[in-house]
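For reference, the structure discussed in these notes is given below.
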Amino acid sequence: MGTSVQVTPLCGVYNENPLSYLVSIDGFNFLIDCGWNDLFDPSLLQPLSRVASTIDAVLLSHSDTLHLGALPYAMKQFGLSAPVYSTEPVYRLGLLTMYDQYLSHKQVSEFDLFTLDDIDSAFQNVTRLTYSQNYLLSGKGEGIVIAPHVAGHLLGGTVWKITKDGEDVIYAVDFNRRKEKHLNGTVLESFVRPAVLITDAYNALNNQPPKQQRERDRDFVDTISKTLEAGGNVLLPVDTAGRVLELLLVLEENWSFKSLDFPIFFLTYVASSTIDYVKSFLEWMSDAIAKSFETSRDNAFLLKHVTLLISKNELDKAPDGPKVVLASMASLEAGFSHDIFVEWAADVKNLVLFTERGQFGTLARMLQADPPPKAVKVTMSRRVPLVGEELIAYEEEQNRLKKEEALKASLIKVEESKASHVPDINSSDPMVIDTNNKHPSLEGLGQHGSGYHDILIDGFVPPSTSVAPMFPFYENTSDWDDFGEVINPDDYVIKDENMHQAAMCTGGDMDGKLDEGSASLILDTTPSKVISNELTVQVKSSLIYMDYEGRSDGRSVKSILAHVAPLKLVLVHGSAEATEHLKQHCLKHVCPYVYAPQIEETIDVTSDLCAYKVQLSEKLMSNVLFKKLGDYEIAWIDAEVGKTENDLLSLLPISTPAPPHKSVVVGDLKMADFKQFLASKGVKVEFAGGALRCGEYVTLRKVGFASQKGGGSGTQQIVIEGPLCEDYYKIRDYLYSQFYLL
C-alpha cells in the first residue's frame, strides 16, 4: 500500500463556516488552517478542542480570520502547542488581522476570548517559508516534506504540498486562476495526478461573466464615481489586510488616470502598519509590480490618493463632502464599518458597496439578501470611562483585590519561612546545615536583590572532607576559552513580556510597528465600561455587491480539477448544494474517488498504489546520462532488480544488451506559452479557430484529451499542418525544442 492518509474535517464542510481540517499522514497529524469567524462563537471549535493535543504541526494557507482566527484561542484554551508554518505575508498580515479583530471587539464588548499577549504568543514561533521551498520535517515527521506554492486570492496565500515517499497530498482552498493587479494566479495546474487533492466547493455554483479585468475595474470605479458626483458617500466594508489591497490599487490607479479629487480613506486600527508591511512584500506580488519596481523603483503601495486612518475621530475631522471610506470589518459585525453604516444608511444619496459575500449569520449577509431589508435592528456599543459612584466602587474593588493578593502573598511567605526553619529530626546533632536548601540562581539574585539566604539553620557541621569548620562556599566553575569566560547568550535575551512592554512604550508591536493610536488605546488603563443600545436603522442608501473576492469561479475550478486529475479528491468548505453539485461533476469528469465528509468524520484516502524503495547501484549510475529538465535531471535507464547485502532492493545493470525502446517525449506544452516563444523568434503567430496559425502556411493544433474519467492521462497530440516548406521545418524545430527526447 501507499502512504497512509486520513482526512477529518473539524469545521467548514457542507457550509460556509471557518476552515479547519485534520490531515494524518502515516500517523503525523497536520492541522491545516485554524479558522474562526467575526462572530467568535466558541461552539464552532468543539471538534478542534478534542484533537488539539494530538496535533503535530499547523499549516496556515491565508491571512484572514476564516483561516487563522482561532489560533490564539486554541493555543491558550486547548493546549495546542505544535509548530506553525506559513509564508511571511500570511504571518505578518495575519498578526495584524488578529490585532484589528481584538481592538474592534474590545471597544464594543467585554471581549475576553483572547488578549494581545495571546496573539503574540501564538505567532511568535511561526516558521516562515518562501514559495516552492521544500521543508523537511524531523522527529516524528521524518520523511515528510512540506512546501507552500502560490494560491492567489490573498497576499502570501498558499497551496500546500505535502510529500511522503513520492506521493503528494495537495491542499488548495480559496485559490484564484486570474492574475490581478497585486497577485499572480495560482500554480495549482502545475500539479498533475497527486495522490490526494483537498479543495473547496465554495464557488462551484458561481460563474462570473467573462469580463476582462480592466472592464470590471471600470464598472467598479464608475459605480463609485456616480455616487460621489451626486453628493453621496461610499462605504466599502473590507477585511483588515487581505482583499482590500487589490481595491486600494484599483482606486489609486483610476483616481490618477481620471484626475479625481474625492478623498479616499482607509480606516482600520492597523492601517498604517498594514501598508508599511505590504510595501516590503513586493517579491510576493504580481510580476507586473515586481518589474515596475525593478525598472523605475516605483512602489505600487506608495499611495498618493489614499489617506490612512486609525480612529473614527480622524474621519469625523475630515472636511465635509463626498468621500470613499474603506473600513473594517467586512461582516459589519464590529469595527469602524459597523458605526459608519449606521450613520450613513439613512441617506438615499449614499452607497454601501460590498466586494465579498458576507459571512453567514452576519449583518453584511443580511443586507446582501435579495431583496434587501428596508430596516434592520443593530446594537450600538461604545466604551466610556467610569465616573462618579461607579468609579469609586471600581477603585474600592481594585484596592480590596490588591489587599487580598498581598495578604495571600504574605501568608505564603510565612509558610515558606516556617518550612525552611524546621530542624532535621533525623539528625542527632542540632548544628547541621540544611542540605536540601539549594542556593538560589544568579537570576534570582538579580531579580530579588538578595542572594544566598537561609543557609544556616542552628549552626553547621563541617563536611567530612574539611580540615576545619567552614561556611558554605560555592566555587565558580565557569568555562573559559582563549577569549575569556564563555557566556550563555540566553542570559542576555530580553524576556517576551519585557519586549512586549518595551514595544508598547515606543508605539509598536513586537517589531515596533503598531500604529501609535492603537498603541495608546492598548496602554489606556482608564477604568471604563461598555454601554449598548438597540437601534432600528432605516436602510435608504444603495446596497450593491460587486465580486472582488479573488476566487476562481465554478468553470475555472472544474477546468483546473480536470487538468490536475487527482487519484482521490476531497471536497470541503461550501454550501451543501455547491458541494453536492461539484461532487457529482467530479465523479463524471475527474476521478471515481470523490469524498465529501461530514464534521469529525474520518475518511481514509490512502493511495492504492504500491511504492517500493530501491537503491541505484554505483555501477548502474556511472553509465547514466542525465538531461536537465527545469529544476530536475532526468534519464532513461535499463536495469534489472536485485538485492543488496542488507536485503534491500537495488537496480543493477542488465547482463544482456538493452532492448530498443520507443522515444519518450517529456514536457507539457501550453499553446499560449508557445505562441509567445514563436513571437520572440520573429514568427507572425495568432490563434484562429482553436488552432495556432504560424506565418502564412503552418498551423498547430492539439487533438485528444488531457485527462479521462478516473483521473487517467489521455492521449494528446500536437499536429503540424501545412506544406513542406522552409517555415514548416523551422516551426517543427522550434516545437521540438520545447520537449526533451529520451
Side-chain angles (χ1 to χ4, degrees), residues 2-3 130-136 143-150 159 161-170 187-197 563-567 607 609-642 644 648-674 676-678 680 700 702 704-708 711-720 731-742:
T3 301
T130 58
Y131 281 144
S132 302
Q133 175 185 348
N134 290 322
Y135 186 88
L136 181 62
I144 299 177
V145 178
I146 60 174
H149 294 272
V150 179
V159 169
K161 177 184 176 183
I162 308 171
T163 304
K164 177 75 181 291
D165 293 337
E167 295 189 11
D168 296 334
V169 176
I170 307 295
V187 298
L188 178 57
E189 287 179 283
S190 65
F191 304 117
V192 179
R193 290 178 58 78
V196 181
L197 173 62
H563 180 83
V564 174
L567 298 180
S607 171
L609 299 177
C610 294
Y612 299 94
K613 290 183 179 180
V614 296
Q615 290 184 349
L616 303 179
S617 64
E618 293 183 6
K619 191 174 181 180
L620 174 69
M621 296 301 294
S622 63
N623 296 319
V624 173
L625 297 177
F626 285 96
K627 292 185 178 181
K628 189 76 173 177
L629 178 60
D631 295 332
Y632 302 94
E633 291 183 339
I634 60 174
W636 177 281
I637 62 172
D638 292 288
E640 57 188 21
V641 179
T644 65
L648 297 175
L649 294 179
S650 176
L651 292 184
L652 306 172
I654 58 177
S655 55
T656 59
H661 66 271
K662 293 183 179 180
S663 297
V664 177
V665 178
V666 181
D668 182 18
L669 180 71
K670 294 184 178 179
M671 299 295 276
D673 294 339
F674 190 53
Q676 293 182 358
F677 175 78
L678 292 177
S680 69
L700 270 71
K702 277 189 176 183
F705 299 95
S707 62
Q708 299 174 335
S713 297
T715 302
Q716 192 172 34
Q717 297 178 336
I718 297 177
V719 177
I720 309 177
I731 299 300
R732 190 184 68 173
D733 289 341
Y734 285 146
L735 179 62
Y736 286 170
S737 70
Q738 304 301 300
F739 294 93
Y740 293 83
L741 193 64
L742 296 179

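Note: hydrogens, waters and symmetry copies are ignored here, and every other heavy atom, side chains too, is used.
- Contact check for L649 versus V641: side-chain heavy atoms found under the 4.5 Å cut-off.
- At least one donor-acceptor pair under 3.5 Å links the side chain of T3 to the backbone N or O of K164.
- Taking the side chain as every heavy atom from C-beta outward, V187 and V159 never approach each other to under 4.5 Å.
- Summarising the geometry of E189 relative to V564, their closest heavy-atom pair is CA-CG2, 4.2 Å, with the distance given to 0.1 Å.
- Side-chain atoms of Y135 and V145, non-hydrogen and from C-beta on, never get closer than 4.5 Å to each other.
- The closest side-chain heavy-atom distance from L735 to I718 is below 4.5 Å.
- In this structure, the separation between CZ on R732 and CD1 on I720 is 7.0 Å, given to the nearest 0.5 Å.
- In this structure, I731 and F674 approach most closely via the heavy-atom pair O-CZ, 4.4 Å.
- Taking the side chain as every heavy atom from C-beta outward, L625 and W636 never approach each other to under 4.5 Å.
- Take F191 and apply the ring pair (Phe, Tyr, Trp, His ring centres under 6.0 Å) test, not counting sequence neighbours, and it matches H149.
- V624 approaches L620 most closely through the heavy-atom pair CG2-O, 3.3 Å.
- Rounding to the nearest 0.5 angstrom, the gap separating the CG atom in L136 from the CD1 atom in I146 is 9.5 Å.
- Taking CE of M621 as the reference point, atom CD1 of I637 lies at 7.5 Å (rounded to 0.5 Å).
- Remark: D168 CG to L197 CG distance equals 11.0 Å, nearest 0.5 Å.
- Checked against side chain to side chain donor-acceptor pair (under 3.5 Å), T130 has the following partners two or more places apart in sequence or in another chain: Q133.
- In this structure, CD in Q615 is found 10.0 Å from CG in L652, a value given to the nearest 0.5 Å.
- With values rounded to the nearest 0.5 angstrom, S190 atom OG is found 8.0 Å from H563 atom NE2.
- At distances below 3.5 Å, at least one donor-acceptor pair connects side-chain atoms of S617 with backbone N or O atoms of L651.
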